Amino acid sequence: MAHPAAPAADFEEHRPRMFGIAYRVLGSAAEAEDTVQDAFLRWSSAADRDSIEHLGAWLSKVVTRLCLNRLTSARARREEYVGPWLPEPVLTGDGTLGPLESAEQRDGVSMALLVLLERLTPTERAVYVLREAFAYGHREIAGLLDLSEANCRQLHRRAAGRLAAPERRFAPDPAQWRGLVETFLAAARGRDLARLEGLLAAEARYVADGGGGVNAARRPVVGREAVARFLLGALRKFAADLPVSFAEVNGEPALVLGEAAVLLLEFEDGLVSGLWTVVNPEKLEFLRRQLSHSRGLSGPS
């Protein structure tokens with residue numbers, strides 16, 4: 001008889017990849033964790049566990065199917081959501097969502113793409129994530145979703161077409177992030193409107209997710225002047241006394257304001273073109289736990 005710890009040990013080897021799949025498909029770290037845990041329970045209680053030859057493939061299928069079920073109910077909730085809906089932010093500098101070494105990999109977990117993925121049907125989203133983020137072949141995806149290979153190819157083409165966006169312009173290397181963010185923060189904290197406007201792209205866009213329970217803009221703020229004025233007012237009113245730290249969140253540079261908010265910055269041609277703020281406390285829970293864990297690791301032994 002196998003040792004009771006064996007199933008858990010075998011599963012843990014695949015947990016990071018399963019979480020990465022679930023998060024990208026669902027846009028929610030909390031639901032991704034629940035999905036992965038559900039997959040573990042199914043694996044650990046499976047009567048035919050010893051006959052499963054390829055555990056990674058088996059888990060990928062289970063996790064993907066569970067995600068599709070969750071997405072169907074999530075759609076209805078998100079349609080009733082108060083204000084803009086944004087994905088739950090995740091610290092990515094520690095590899096939580098896998099390696100993000102290239103611009104393409106970072107874009108794959110960015111707020112901008114995860115929001116665009118909401119345009120897709122659940123099955124289109126699953127096909128797109130498995131193909132683009134994890135390089136599954138269409139035949140493999142067909143096996144995971146119980147579809148034909150031709151259908152998967154069609155779904156991928158359709159998804160890619162619906163996500164089509166203008167070519168992204170020059171984005172800074174991660175080595176430049178901190179300097180750019182510190183310059184931006186200095187202008188905002190110094191209430192230097194002219195300097196702040198100079199750091200924003202002409203069509204800069206600010207989107208906030210408060211979930212209806214926290215003060216936040218319920219519509220996007222668009223345009224250099226409007227965003228600059230809004231930011232100065234919001235920072236003065238809600239964040240003047242909060243500690244601010246730099247972090248990599250969803251593959252992008254971000255400012256973490258205490259435990260109350262996360263502000264992600266998207267740069268193009270050296271200017272801030274997109275700002276994404278999450279202040280909904282429920283959506284910050286996973287990131288808070290990540291921060292607490294990282295502080296524990298860096299603290300005295």
Side-chain angles (χ1 to χ4, degrees), residues 23-34 67 70-92 109-122 125 162-163 165 184-185 188 196 200-201 203-242 244 247 249-266 272-291:
Y23 176 76
R24 287 169 172 84
V25 174
L26 296 170
S28 165
E31 291 196 42
E33 283 189 308
D34 290 345
C67 285
R70 285 180 176 270
L71 267 183
T72 301
S73 59
R75 281 294 174 87
R77 295 195 304 273
R78 291 173 191 178
E79 287 177 0
E80 298 175 356
Y81 198 78
V82 178
W85 179 92
L86 294 179
E88 292 180 18
V90 173
L91 293 176
T92 48
V109 295
S110 68
M111 284 283 173
L113 179 66
L114 292 175
V115 169
L116 283 177
L117 289 177
E118 291 293 302
R119 299 178 179 178
L120 306 181
T121 67
R125 183 165 182 161
R162 296 179 71 179
L163 296 177
F184 175 85
L185 180 61
L196 189 59
L200 294 167
E203 298 301 319
R205 192 167 186 265
Y206 172 92
V207 181
D209 180 337
V214 178
N215 281 324
R218 294 194 176 182
R219 294 182 180 178
V221 180
V222 182
R224 175 186 289 140
E225 293 80 6
V227 170
R229 291 183 183 279
F230 180 87
L231 275 176
L232 291 186
L235 289 173
R236 181 175 62 251
K237 186 173 182 180
F238 301 111
D241 300 321
L242 291 176
V244 179
V249 178
N250 286 75
E252 297 178 306
L255 292 170
V256 179
L257 288 76
E259 293 190 348
V262 175
L263 173 63
L264 291 85
L265 303 174
E266 184 178 307
V272 178
S273 58
L275 304 96
W276 312 85
T277 301
V278 178
V279 293
N280 182 339
E282 293 181 0
K283 289 193 173 184
L284 295 173
E285 179 57 33
F286 183 82
L287 186 137
R288 288 195 196 98
R289 284 193 278 120
Q290 286 184 294
L291 290 172

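On a predicted model such as this, the values are computed, not experimentally measured, just so you know. Starting from 1, each residue takes its place in the sequence as its number.
- Pairing each heavy atom of Val214 with each of Val279, the nearest pair is CG2-O, 3.7 Å.
- Separation of atoms CG (Leu91) and CG (Asn250) is listed at 9.0 Å; rounding is to 0.5 Å.
- With contacts defined as side-chain heavy-atom distances shorter than 4.5 Å, the pair Met111/Val207 does not qualify.
- Heavy-atom minimum distance, Ala188 versus Leu235: CB-CD1, 3.5 Å.
- When side chains are defined from C-beta on, Arg289 does not count as touching Leu284, because their heavy atoms never get closer than 4.5 Å.
- In this structure a side-chain-to-backbone donor-acceptor pair under 3.5 Å is missing from Arg205 to Val222.
- How far CG of Leu242 is from CG of Leu255: 12.0 Å, rounded to the nearest 0.5 Å.
- When all heavy atoms are compared, the tightest approach of Pro84 to Ala217 is CD-O, 3.9 Å.
- A donor-acceptor pair is defined here as one N or O able to donate and one able to accept, closer than 3.5 Å; such a pair exists between the side chain of Ser273 and the backbone of Glu266.
- The backbone N or O of Ala29 sits less than 3.5 Å from a side-chain atom of Glu88, completing a donor-acceptor pair.
- Figure legend: Lys237 and Phe230 shown without cation-pi pairing, the cationic atom not lying both under 6.0 angstrom from the six-membered ring centre and within 45 degrees of its axis.
- Proximity of a side-chain donor or acceptor of Arg219 to a complementary backbone N or O of Gly83 within less than 3.5 Å is not detected.
- With rounding to the nearest 0.5 Å, the separation of OG in Ser28 from CZ in Arg78 is 7.0 Å.
- Nearest heavy atoms, Leu114 versus Pro87: CB-CG, 3.4 Å.
- Across all non-hydrogen atoms, the minimal contact from Cys67 to Leu26 is O-CD2, 3.6 Å.
- For the atom pair Leu116 CG and Leu163 CG, the distance stands at 6.0 Å (nearest 0.5 Å).
- At a threshold of 4.0 Å, the pair Glu118-Arg125 counts as salt-bridged, since one of the basic side-chain nitrogens sits closer than that to a carboxylate oxygen.
- Atom CZ of Phe286 and atom CD of Glu33 lie 5.0 Å apart (nearest 0.5 Å).
- Across Ala204 and Val227, no two heavy atoms sit closer than the pair O-CG2, 3.6 Å.
- A heavy-atom distance below 4.5 Å is not found between the side chains of Thr277 and Val262.
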Check step by step if side-chain contact (heavy atoms from CB on, under 4.5 Å) holds for Val256 and Leu291.
CA-CA 10 Å; Val256 179; Leu291 290 172; 3.9 Å; yes
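- Within 6.0 Å of the CD atom in Glu285, the count of heavy atoms belonging to other residues, nucleotides or ligands exceeds 12.
- Separating the CZ atom in Arg224 from the CG atom in Leu196 is a distance of 10.5 Å, to the nearest 0.5 Å.
- Without hydrogens or angle criteria, Asp209 side chain to Leu86 main chain gives a donor-acceptor distance under 3.5 Å.
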Using the rule given for side-chain contact (heavy atoms from CB on, under 4.5 Å), can you reason through Leu263 versus Trp276, listing the C-alpha separation, both sets of side-chain angles and the distance that settles it, and then say yes or no?
CA-CA 6 Å; Leu263 173 63; Trp276 312 85; over 6 Å; no
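- The shortest side-chain heavy-atom distance between Trp85 and Asn280 does not fall under the 4.5 Å cut-off.
- Using modelled atom types, one side-chain atom of Thr92 and one backbone atom of Gly251 make a donor-acceptor pair closer than 3.5 Å.
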